[in-house]
K.L.:
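Pasting a structure below so you can have a look.
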Amino acid sequence: MSVHSPTVPADTRARLSPRAHDDSGLGNEFLEVSMGPQHPSTHGVFRMDVVLDGERIVKLKPVFGYLHRNHEKIAEATTYLGSMPYTDRLDYFCSITNNWAYALAVEKLAGLNVPERAEYIRIITAELTRLLNHTCLLGFLAQDMGALGTPLMYAFREREKILDLFEALTGARMMCNYMRFGGCRVDLPPGWIEQAARVVDGYPRFLEEFERLLTGNEILMARTQGVGILPAALAVNASITGPMLRASGVDYDLRKTDPYGIYGRFPFRVPLGAQGDVYDRLMIRLLEMGESIKILKQAIQELPGGPIVDPKAKLRAFKPKAGEAYGRIEAPKGELGFYLISDGSANPYRYRVRPPSLINLTILEDMCLGHTIADVVVILGSVDIVLGEVDR
Amino acid sequence: MESLEEIKARVEASVTGAAVEIVPNDAPCQQRSLRVGREKAREVAEFLRDDPRLRLDYASNATGVDWPDTVTKQKVKVKKQINGVEQEVEETLEERKPGCLEAVYHLYSMALKQGPVILRVRTADRMQGVHLPSLTPVWRGAEFQEREIYDLYGIVFDGHPDLRRLLMWEGYRHHPMRKDFVEPDDYEYEPTPHDEVLEKAKAHYPADGGTQGGTA
């Protein structure tokens, strides 16, 4: 922590408390605090350079790169399939949706079709991923607000059930490496779908309990309502996606507006917020989980038999023709896109990840200005970032 | 959404000197793109955003691509006078095409739920002429992504509000995503504290390396 008086632009001065406008000649002392990179509230190695006037935020600059390993360069030096396990490490909570986004981009590039059964399995695993991501986020958010332990442990208890399902299916709890170009890697083991149905059926009870525990809580309301408001126009212009965007009232869910896979067959609603504050972001996630459960129930019921990989898809010597493709999906954290350029060789010429976590941080400063440092923790928690994806 | 040809015609009609061309794409998804001249890129971007039929209010993805200088060798048979006799001689002609850096923007419309329109802008070359107009004033979503392109590819975006490196540290001189980037081989050249300990420990080893046996 260093104490000095950084220069503050004139327009920011106007926002300050009356003390900043005093002409007494005593001078204004600002405090520059480096939050992170090891601060527990930053959810990983992320740093914010915060300038404070008393307890109010005057300026906030995020600092990235602590987890940077140049994922894109590594991917350009390896085969298309070789990058699939690396995508697990982007947003390590949601490896299945990362796999899907990458597989989707490659399928667009190479013109592969996905068999019916694989499409259903993809939707089931992706919606389970959405459940576990949103559940954990709510737990972490409560933790950030000072509800130490209990809500997070409840969330982790439910997450564990889903991770057990992933382990039974893919052999790994978090680094699933499950999708393949034109399908999935392995078929469902015996009894899996029944166990998944049990987990899904038990979820609404947990959600209801969690909702009662949290959303009516007076402290939680005081900490989140009216905090970190994000106006819809700014959200759109700053490319904010996912629950963040919808909490600001913009109806944009790729599962509806640009359906990929077979999402067009599933009737579900897109919850929208009205205020765009932290409370709305929290509620949107709770409501989205309810919709995910609807999708899951339908998918589990309708799951057809058949092959799980496109027979045209090649595992070895996979060389798509020269060209480019941009594929994007509605990942739990926002729009996850992969942009690929092929030059006809076995490695992608250009491999780009469009990371929702990084881009959703664009407006972090705008949301935090004028709030206190304790609010910054809550606001950052409501953005929902994973540093593996931010820094890549 | 209207076809790319129509968009091109309307861009050219409203922005003079836009220098728009359609870039084909042979992949099955056939996402073709519009390449515009860098001088008018900002005006074209504003047109695409504000046009009531397009309303591309959302810049989903902004990224860089490196196209290094290419040398194509061609074998040509040339007739030459050698010692007074006309002979056919094979010669290799080298054709050097200067490379460039390219910024690619994937644009969608959240208002009209349509897209994508892919916008590409190229720099003059890869060494000095790496300046492009920043599109962050048009779409703020490009702010961090343009910083990343600047960091990893070295494209300088004129008019960017805060153009600093994003992932690599300040003072770093290279642009790692360029195709001709060579990894430095001087990682960990500094002795770690552990090395010092090992060095000191040597004073306690027997001079012959311990081959004479015996524990003292």
Side-chain angles (χ1 to χ4, degrees), chain A residues 61-70 72-73 76 105 107-112 232-241 245 250-252 256-258 320-328 335 337-342 344 349-350 352-355 358-363 366 390-392, chain B residues 23-33 49 55 57-67 102 104-116 118 120 136-145 147-149 151-152 162 164-170 172 176-179 181 183:
Chain A
K61 292 286 172 208
V63 181
F64 309 99
Y66 293 95
L67 218 57
H68 180 55
R69 67 263 185 205
N70 216 337
E72 295 175 6
K73 189 87 178 173
E76 284 172 19
E107 281 151 15
K108 281 189 170 187
L109 185 69
L112 298 171
L234 177 63
V236 172
N237 192 249
S239 303
I240 307 305
T241 46
L245 176 73
V250 182
D251 181 8
Y252 196 74
K256 281 272 189 218
T257 58
D258 188 5
K321 271 188 277 176
E324 63 171 62
Y326 181 59
R328 52 184 199 147
E335 177 183 319
F338 278 79
Y339 174 54
L340 299 165
I341 301 181
S342 164
Y349 182 81
R350 177 78 180 100
R352 151 84 177 161
V353 187
R354 184 243 187 240
L358 171 71
I359 296 165
N360 283 358
L361 285 174
T362 309
I363 34 65
D366 303 59
V390 172
D391 289 341
R392 281 160 297 135
Chain B
V23 183
N25 181 4
D26 295 331
C29 61
Q30 295 188 335
Q31 296 171 336
R32 295 180 301 161
S33 37
R49 184 191 61 183
R55 289 185 71 183
D57 48 6
Y58 164 49
S60 164
N61 181 38
T63 188
V65 185
D66 183 13
W67 303 101
E102 188 171 52
V104 186
Y105 299 83
H106 288 80
L107 311 173
Y108 289 86
S109 171
M110 280 192 186
L112 302 180
K113 312 259 189 294
Q114 60 185 14
I118 306 168
R120 315 176 88 94
T136 303
V138 186
W139 296 286
R140 200 162 153 216
E143 183 181 345
F144 285 174
Q145 303 186 74
R147 272 179 70 185
E148 188 182 315
I149 301 170
D151 186 356
L152 302 181
D162 183 23
R164 289 177 292 138
R165 281 186 181 270
L166 185 85
L167 298 168
M168 306 304 275
W169 53 94
E170 267 175 57
Y172 187 74
M177 279 304 283
R178 288 201 184 189
K179 291 285 176 187
F181 172 72
E183 269 182 51

K.L.:
Would you name the heavy atoms of B:Phe144 and A:Leu358 that are closest together and state the gap between them?
P.N.:
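Minimum heavy-atom separation between B:Phe144 and A:Leu358: CD1-O, 3.6 Å.
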
K.L.:
Is the backbone of B:Arg140 close enough, under 3.5 Å, to the side chain of A:Asn237 for a donor and an acceptor to pair up by distance?
P.N.:
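Yes; at least one donor-acceptor contact below 3.5 Å.
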
K.L.:
Do B:Glu148 and A:Arg352 meet the salt-bridge criterion of a basic N to acidic O distance under 4.0 Å?
P.N.:
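Counted as a salt bridge, because a side-chain N and a carboxylate O are separated by less than 4.0 Å.
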
K.L.:
Quick check on the interface: out of A:Pro62, A:Pro320, A:Gly337, A:Ala110, who has the most heavy-atom pairs with chain B under 4.5 Å?
P.N.:
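Highest number of heavy-atom pairs under 4.5 Å: A:Ala110.
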
K.L.:
Can you tell me how far CZ of A:Arg69 sits from CG of B:Leu167, rounded to the nearest 0.5 angstrom?
P.N.:
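So the CG of B:Leu167 and the CZ of A:Arg69 are separated by 10.5 Å.
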
K.L.:
Let me know if A:Lys321 has heavy atoms under 4.5 Å from chain B in its side chain, its backbone, both or neither.
P.N.:
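It is neither, since no heavy atom gets under 4.5 Å.
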
K.L.:
Please identify which of these residues, B:Ile118, B:Val65, B:Val23, B:Asp26, meets the side-chain contact (heavy atoms from CB on, under 4.5 Å) condition with A:Glu324.
P.N.:
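Answer after filtering B:Ile118, B:Val65, B:Val23, B:Asp26: B:Ile118.
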
K.L.:
Can you tell me which portion of A:Glu107 sits under 4.5 Å from chain B's heavy atoms? Options are side chain, backbone, both or neither.
P.N.:
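Neither the backbone nor the side chain of A:Glu107 comes within 4.5 Å of chain B.
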
K.L.:
Could you have a look at A:Phe64, A:Tyr66, A:Tyr339, A:Tyr326 and say which one has the most heavy-atom pairs with chain B under 4.5 angstrom?
P.N.:
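Among A:Phe64, A:Tyr66, A:Tyr339, A:Tyr326, the one with the most close pairs to chain B is A:Tyr326.
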
K.L.:
Looking at chain B, which one of A:Gly327, A:Gly111, A:Ala322, A:Ala238 has the largest number of heavy-atom pairs inside 4.5 Å, strictly under?
P.N.:
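Looking at each of A:Gly327, A:Gly111, A:Ala322, A:Ala238 in turn, A:Ala238 comes out on top.
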
K.L.:
Quick one: pull up CG in B:Asp151 and NE2 in A:His68 and give me the separation to the nearest 0.5 Å.
P.N.:
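Answer rounded to 0.5 Å: 6.5 Å.
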
K.L.:
At a 4.5 Å cut-off on heavy atoms, which part of B:Asp66 comes close to chain A: side chain, backbone, both, or neither?
P.N.:
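Backbone only.
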
K.L.:
Residues two or more places apart in sequence or in another chain: which of them pass salt bridge (charged side-chain N to carboxylate O under 4.0 Å, His left out) with B:Asp57?
P.N.:
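Here no residue qualifies.
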
K.L.:
Counting N and O atoms only, with roles assigned by atom type, does the side chain of B:Lys113 sit under 3.5 Å from a partner on the main chain of A:Lys256, one being a donor and the other an acceptor?
P.N.:
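Side chain of B:Lys113 to backbone of A:Lys256, a donor-acceptor pair under 3.5 Å: no, none is there.
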
K.L.:
For each of B:Arg164, B:Gln31, B:Gln145, tally heavy-atom pairs with chain A at distances under 4.5 Å, and name the one with the top tally.
P.N.:
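Top count of heavy-atom pairs under 4.5 Å with chain A: B:Gln31.
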
K.L.:
Is NZ or CZ of A:Arg328 both nearer than 6.0 Å to the six-membered ring centre of B:Tyr108 and within 45° of the ring axis?
P.N.:
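The answer is yes; both the distance and angle limits are met.
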
K.L.:
What heavy-atom pair brings A:Ala325 and B:Cys29 nearest, and what distance separates the two atoms?
P.N.:
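Scanning both residues completely, I find the closest heavy atoms to be CB-SG, 3.6 Å.
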
K.L.:
Quick check: closest heavy atoms across A:Ser239 and B:Gly141, and the distance to 0.1 Å?
P.N.:
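Scanning both residues completely, I find the closest heavy atoms to be OG-CA, 3.3 Å.
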
K.L.:
Which atom names give the shortest non-hydrogen contact between A:Asn70 and B:Pro176, and what distance separates them?
P.N.:
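Taking A:Asn70 first and B:Pro176 second, the nearest heavy atoms are ND2-CB, 3.6 Å.
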
K.L.:
Tell me, for A:Ser342 versus chain B, whether the close heavy atoms (under 4.5 Å) come from the side chain, the backbone, both or neither.
P.N.:
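Contact with chain B involves no heavy atom of A:Ser342 at all.
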
K.L.:
Chain A heavy atoms under 4.5 Å from B:Arg32: which part of the residue, side chain, backbone, both or neither?
P.N.:
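Contact with chain A: none, neither part.
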
K.L.:
Verify, without hydrogens or angle tests, whether B:Lys179 (side chain) and A:Tyr349 (backbone) share a donor-acceptor contact under 3.5 angstrom.
P.N.:
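Checked: pair present.
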
K.L.:
Take B:Met110 and A:Leu245, measure what side-chain contact (heavy atoms from CB on, under 4.5 Å) needs, and give me the verdict at the end.
P.N.:
CA-CA 11 Å; B:Met110 280 192 186; A:Leu245 176 73; 3.5 Å; yes

K.L.:
How long is the gap from CZ on B:Arg147 to OG1 on A:Thr362, to the nearest 0.5 Å?
P.N.:
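Going from the CZ atom of B:Arg147 to the OG1 atom of A:Thr362 covers 10.0 Å.
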
K.L.:
Of the backbone (N, CA, C, O) and the side chain (C-beta and beyond), which part of B:Val104 lies under 4.5 Å from a heavy atom of chain A, both, or neither?
P.N.:
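The answer is the side chain of B:Val104.
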
K.L.:
Check whether B:Asn61 gets within reach of chain A through its side chain, its backbone, both or neither, counting any heavy atom under 4.5 Å.
P.N.:
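For B:Asn61, the contact with chain A is made by backbone and side chain together.
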
K.L.:
Side chain, backbone, both or neither: which part of A:Val236 has a heavy atom under 4.5 Å from chain B?
P.N.:
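Its backbone and side chain both get close to chain B.
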
K.L.:
Find the one option among A:Asn360, A:Val390, A:Asp366 whose heavy-atom pairs under 4.5 Å with chain B are most numerous.
P.N.:
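With the most close heavy-atom pairs to chain B, the winner is A:Asp366.
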
K.L.:
Under a 4.5 Å heavy-atom cut-off, does chain A meet the side chain of B:Ala111, its backbone, both or neither?
P.N.:
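The answer is neither part of B:Ala111.
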
K.L.:
Specify the closest pair of heavy atoms between A:Tyr252 and B:Ser109, including all atoms of both residues, with the distance to one decimal.
P.N.:
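Nearest pair, atom of A:Tyr252 first, then B:Ser109: CE1-O, 4.1 Å.
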
K.L.:
Among B:His106, B:Gln30, B:Glu143, single out the residue with the greatest number of heavy-atom pairs under 4.5 Å to chain A.
P.N.:
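Among B:His106, B:Gln30, B:Glu143, the one with the most close pairs to chain A is B:His106.
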
K.L.:
Taking all atoms of both residues into account, what is the closest heavy-atom pair of B:Ser60 and A:Glu335, and its distance?
P.N.:
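Looking at all heavy atoms of both residues, the shortest contact is OG-OE2, 2.5 Å.
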
K.L.:
With chain B, which of A:Asp258, A:Thr257, A:Ile359 has the greatest number of heavy-atom pairs at distances under 4.5 Å?
P.N.:
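Most heavy-atom pairs within the cutoff with chain B belong to A:Ile359.
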
K.L.:
So which of B:Ala142, B:Pro116, B:Gly64, B:Ser33 has the biggest tally of heavy-atom pairs under 4.5 Å with chain A?
P.N.:
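Heavy-atom pair counts peak at B:Gly64.
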
